[in-house]
Amino acid sequence: MNTVKLARYLIGKTVVREIPGGRAVGRIVETEAYLSGDAASHFFRGPTPRNKSIYLAHGHAYVYFCYGAHFMLNVSAERAGAGGGILIRAFEPIEGIAWMQANRGNVRLRDLARGPGRLAAAFGISKLHDGVDLCGKEGEVWLGSTVRPRDKIGTSVRIGITKDAHRLLRFYEKGSPFVSGPKSLRK
DNA sequence: AGTGCGATTGACT
DNA sequence: GTCAATCGCACTA
């Protein structure tokens with residue numbers, strides 16, 4: 001599977017999670033692609049215990065812990081054994097909003113999942129979800145269908161990286177208030 | 001065994 | 001706008 005194509009495809013799709021008495025659903029509005037040979041990626045130097053999930057067949061979760069405080073949710077994107085992944089950076093809360101807000105200390109709706117660390121916190125994502133299949137419904141978390149057609153997709157440099165920083169591998173739904181980053185990167 | 005550093009966030013000026 | 005917190009992991013030796 002082509003990682004960039006999948007990164008764009010995921011905009012407008014949903015992430016679903018089982019919660020007590022129902023579901024939490026978010027509509028993805030921002031992603032970043034991390035490619036093979038990409039110095040900014042976690043797998044630039046090959047497989048390690050931490051990044052092994054990025055080498056699973058496309059559609060598996062790669063969850064990692066960063067800055068001593070935050071989990072990040074990624075989707076593996078290539079065939080088994082090949083590196084490639086997509087960071088889910090932001091979603092628009094659709095369902096289970098009260099449950100997500102309880103996880104986040106009742107911040108305003110707009111800030112609930114605007115940023116990868118916030119998104120994972122709202123969704124209750126942790127290392128337990130590393131490696132799970134996001135395409136089947138056997139697990140607790142999976143990728144769902146579109147709830148509303150997406151608007152135009154914007155492209156920009158990726159946020160918060162220092163290597164290979166010029167590459168245009170960030171994708172977002174134009175105009176969405178749920179996209180992270182400065183205003184200039186949301187138009 | 002020690003060290004440096006993040007695919008960030010939230011608090012503060 | 002600036003800036004510190006925080007810790008698991010990969011790299012060096």
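Proteins get letters first, then strands, A, B, ... in listed order; numbering begins at 1 in each. No hydrogens, no waters, no symmetry mates; every other heavy atom, side chains included, goes into these values.
- Counting only heavy atoms from C-beta outward, the side chains of A:Arg148 and A:Glu92 approach each other to under 4.5 Å.
- Ionic pairing of A:Glu173 and A:Arg150 is not present here: no N-O contact between side-chain nitrogen and carboxylate oxygen is shorter than 4.0 angstrom.
- The footprint of chain A on DNA chain B, defined by a heavy-atom cutoff below 4.0 Å, extends from B:dG6 to B:dG10.
- When side chains are defined from C-beta on, A:Ser53 does not count as touching A:His60, because their heavy atoms never get closer than 4.5 Å.
- Classified by interplanar angle (parallel below 30°, tilted 30° to 60°, perpendicular above 60°), the ring pair A:Trp99/A:Phe123 is perpendicular.
- Within residues 69-92 of chain A, the residues having any heavy atom closer than 4.0 Å to DNA chain B are, in order of number, A:His70, A:Met72, A:Asn74, A:Leu87, A:Arg89.
- The structure places CZ of A:Arg114 at 13.5 Å from CZ of A:Phe91, a figure rounded to the nearest 0.5 Å.
- Going from atom CG of A:Leu168 over to atom CZ of A:Arg158 covers 9.5 Å, rounded to the nearest 0.5 Å.
- Residue order along DNA chain C, read from the 5' end via each residue's closest nucleotide, puts A:Gly68 first among A:Arg50 and A:Gly68.
- Atom CG of A:Asp38 sits about 6.5 Å away from atom CG of A:Leu169, to the nearest 0.5 Å.
- When Watson-Crick and G-U wobble pairs are counted only if both distances are under 3.5 Å, C:dT6 pairs with no nucleotide at all.
- A heavy-atom distance below 4.5 Å is not found between the side chains of A:Val16 and A:Val141.
- Judged by Watson-Crick or G-U wobble contacts below 3.5 Å, the nucleotide B:dA7 has no partner.
- The shortest distance between side-chain heavy atoms of A:Val75 and A:Leu134 falls below 4.5 Å.
- Contact check on A:Glu30 versus A:Arg186 returns no salt bridge, with no Lys/Arg side-chain nitrogen under 4.0 Å from an Asp/Glu carboxylate oxygen.
- Counting heavy atoms from C-beta on, the side chains of A:Ile11 and A:Lys174 never come closer than 4.5 Å.
- A:Tyr64 places none of its side-chain heavy atoms less than 4.5 Å from the side chain of A:Asn51.
- Rounding to the nearest 0.5 Å places CZ of A:Arg170 at 6.0 Å from OH of A:Tyr172.
- To the nearest 0.5 angstrom, A:Thr31 atom OG1 is 8.5 Å from A:Leu6 atom CG.
- Salt bridge annotation for A:Arg50-A:Asp130: absent, with no cationic side-chain nitrogen under 4.0 angstrom from a carboxylate oxygen.
- Salt bridge annotation for A:Arg17-A:Glu140: present, with a cationic side-chain nitrogen under 4.0 angstrom from a carboxylate oxygen.
- Residue A:Arg104 is in sugar-phosphate contact alone, with no base atom involved, counting any heavy-atom pair closer than 4.0 Å across all strands shown.
- Within residues 51-63 of chain A, no residue is approached by DNA chain B to less than 4.0 Å at the level of any non-hydrogen atom.
- Residues A:Thr155 and A:Arg8 form a side-chain contact, since some pair of their non-hydrogen atoms from C-beta on lies under 4.5 Å apart.
- Chain A approaches DNA chain C over the interval C:dT6 to C:dC11, counting the first and last nucleotide 5' to 3' with an atom under 4.0 Å from its heavy atoms.
- The stretch residues 150-161 of chain A touches DNA chain B through A:Ile159, A:Gly160, A:Ile161, each having a heavy atom under 4.0 angstrom from the strand.
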Item to complete: Decide side-chain contact (heavy atoms from CB on, under 4.5 Å) for A:Leu10 and A:Leu143; before the verdict, give the C-alpha distance in whole Å, the side-chain angles of both, and the deciding distance to 0.1 Å.
Response: CA-CA 9 Å; A:Leu10 286 176; A:Leu143 293 166; 4.2 Å; yes
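- Sorted by residue number, the members of residues 113-132 of chain A with any non-hydrogen atom under 4.0 Å from DNA chain B read A:Gly115, A:Pro116, A:Gly117, A:Arg118.
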